[in-house]
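Down below is the structure, laid out as structure tokens.
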There are 2 protein chains.
Amino acid sequence: MVLEEVTKALSAKGLKITHQRIVVFKALLSSPLHPTAEQIYDGIKKDNPAISVATVYKTLETLVENQLINKVPTPEGTMRYDARIDNHNHIYISNTNEIMDYEDEELKGILAQYLSKKKFQNLHITDFKLQIKGEKIDPGKGINII
Amino acid sequence: MVLEEVTKALSAKGLKITHQRIVVFKALLSSPLHPTAEQIYDGIKKDNPAISVATVYKTLETLVENQLINKVPTPEGTMRYDARIDNHNHIYISNTNEIMDYEDEELKGILAQYLSKKKFQNLHITDFKLQIKGEKIDPGKGINII
DNA sequence: TTCTAAATGATAATAATTATTATTTACTAA
DNA sequence: TTAGTAAATAATAATTATTATCATTTAGAA
Ligand SMILES: [Mn+2]
Ligand SMILES: [Mn+2]
Ligand SMILES: [Zn+2]
Ligand SMILES: [Zn+2]
């Protein structure tokens with residue numbers, strides 16, 4: 001089950017297995033919506049009323065540092081989190097604030113090939129992503145996360 | 001000269017020609033570094049000691065709304081500004097916080113062609129950019145903007 | 001020139017995140 | 001098992017970036 005994988009992932013990184021880390025990590029794993037720290041906090045505090053919002057922030061940062069989750073910056077400037085750590089792209093939907101995963105092998109291939117041909121002097125490329133922005137045609141049917 | 005173009009651009013959008021708008025706009029036009037509002041404020045306040053930081057923020061927002069400049073979100077979450085309004089990509093250099101312009105017709109063509117083939121249901125794509133992240137090999141030689 | 005809506009400056013308020021610190025707890029090793 | 005201890009947490013203060021408020025000023029129209 002998820003709990004076992006979470007504890008395994010934490011201990012593999014030498015992190016202490018705490019209730020708070022398990023709860024935050026599991027909350028993010030079960031959300032495809034790329035939530036903010038605050039949204040994760042709101043989601044878990046019913047069942048964990050003693051948890052502190054600062055702990056949620058710190059836990060997320062710890063998980064990012066240990067590459068168990070990813071940070072996703074947004075055009076509005078608020079940081080969001082992603083349990084997926086494999087390479088994939090995002091579509092930011094500006095009228096609902098949703099972030100959708102977008103994955104396409106053809107696109108990955110195209111970009112990798114393009115960048116492998118290019119040379120940047122004094123620069124080591126560490127990451128590249130296509131940031132797609134769009135608008136949902138019928139926002140009423142969508143999942144609005146704010 | 002620049003002043004004339006700035007005033008022309010402002011009046012073309014029906015915006016009042018104020019000293020503050022001219023100064024902020026010119027400051028951004030002369031900076032290829034994608035500065036923050038605070039950096040623009042710091043740069044102009046020697047010659048304009050009465051200008052308010054709130055005015056700088058508001059002026060930049062007004063220019064963005066009128067599509068005379070662009071906002072550039074960054075991985076750290078602070079907003080930066082760009083006098084260039086033509087479509088181009090950015091390289092974010094994580095060890096110096098520089099943002100470099102990156103423009104390549106071949107890349108534009110590849111991306112446009114790729115996306116034109118794809119169909120997204122209920123979604124109108126408004127923008128797409130390749131976000132490249134890298135590290136400067138010899139940061140000592142670079143221009144550090146923070 | 002006068003008039004007025006819009007812009008500005010000063011500053012308060014807000015939102016998101018980080019820092020501080022006393023207390024608690026997960027692991028370690030007797 | 002049971003201490004012992006370094007690390008983690010909760011509560012809360014502080015900080016940073018940005019936006020809101022509002023009294024005053026001003027650009028541009030008449
Ligand atoms: Mn991602
Ligand atoms: Mn902020
Ligand atoms: Zn994702
Ligand atoms: Zn640019």
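Numbers restart at 1 for each chain; the letters A, B, ... are given by sequence-line order, proteins then strands. No hydrogens, no waters, no symmetry mates; every other heavy atom, side chains included, goes into these values.
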Legend entry - DNA chain C contacts made by residues 3-12 of chain A, counting heavy atoms under 4.0 Å: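 Under 4.0 Å from DNA chain C: no residue of residues 3-12 of chain A.
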
Measure the distance from [atom1] on [X] to [atom2] on [N] and round it to the nearest whole Å.
X	N	atom1	atom2	result
D42(A)	dA15(C)	CG	C1'	14 Å
E61(A)	dT17(C)	CD	P	10 Å
K13(B)	dA27(D)	NZ	P	23 Å
E76(A)	dA17(D)	CD	C1'	15 Å
Y41(B)	dT19(D)	OH	P	17 Å
N97(B)	dA17(D)	CG	P	11 Å
R80(B)	dT18(D)	CZ	P	11 Å
Q39(A)	dA15(C)	CD	P	15 Å

Legend entry - Five-pair end axes of the helix from dT1(C)-dA30(D) to dA30(C)-dT1(D) and the angle they enclose, rounded to 10°: 30°

Legend entry - Gap between atom NZ of K108(B) and atom CG of N89(B) - 0.5 Å precision: 7.5 Å

Could you work out, with side chain to side chain donor-acceptor pair (under 3.5 Å) as the rule, every residue matching [X], not counting sequence neighbours?
X	result
D86(B)	R84(B)
K71(B)	E61(B)
N48(B)	H19(B)

Which atom pairs, donor and acceptor, lie under 3.5 Å between side-chain atoms of residues 2-9 of chain B and protein residues at least two apart or in another chain?
residue : atom : partner : partner atom : Å
T7(B)   : OG1  : L3(B)   : O            : 3.2
T7(B)   : OG1  : E4(B)   : O            : 2.8

Inset, instruction - Starting from the 5' end of DNA chain D, give me the residue, I17(B) or M79(B), whose nearest nucleotide shows up first. - result: M79(B)

Legend entry - Validation row: T62(A), R21(A) side chains within 4.5 angstrom (heavy atoms):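 Yes, side chains in contact.
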
Legend entry - Reading 5' to 3' through nucleotides 3-9 of chain C, protein heavy-atom contacts under 4.0 Å coded B for base, S for sugar-phosphate only, - for none: --BSSBB

State which residues pass side chain to side chain contact (heavy atoms under 4.5 Å, CB included) with [X]; sequence neighbours excluded, sorted by chain then number.
X	answer
I85(B)	N70(B)
K133(A)	P75(A), Y92(A), T126(B), D127(B)
Y41(B)	E38(B), K45(B), I51(B), V53(B), V56(B)

Inset, instruction - Could you name each residue pair satisfying ring-ring contact (aromatic ring centres under 6.0 Å, His included) that touches residues 61-88 of chain B, not counting sequence neighbours? - result: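 Sorted pair list: H88(B)-H90(B).
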
Inset, instruction - Please determine if a side-chain N or O atom of Y57(A) lies less than 4.0 Å away from the OP1 or OP2 oxygen of dT18(C). - result: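 So the side chain of Y57(A) is outside the cut-off, no N or O lying under 4.0 Å from OP1 or OP2 of dT18(C).
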
Less than 3.5 Å apart, which donor and acceptor atoms pair up between the side chains of residues 112-119 of chain B and the rest of the protein, not counting sequence neighbours?
residue : atom : partner : partner atom : Å
Y114(B) : OH   : Y102(A) : OH           : 2.5
Y114(B) : OH   : D104(A) : OD1          : 3.1
Y114(B) : OH   : D104(A) : OD2          : 3.4
S116(B) : OG   : A112(B) : O            : 3.4
S116(B) : OG   : Q113(B) : O            : 2.8
K117(B) : NZ   : E106(A) : OE2          : 2.6
K118(B) : NZ   : D104(A) : OD2          : 3.0

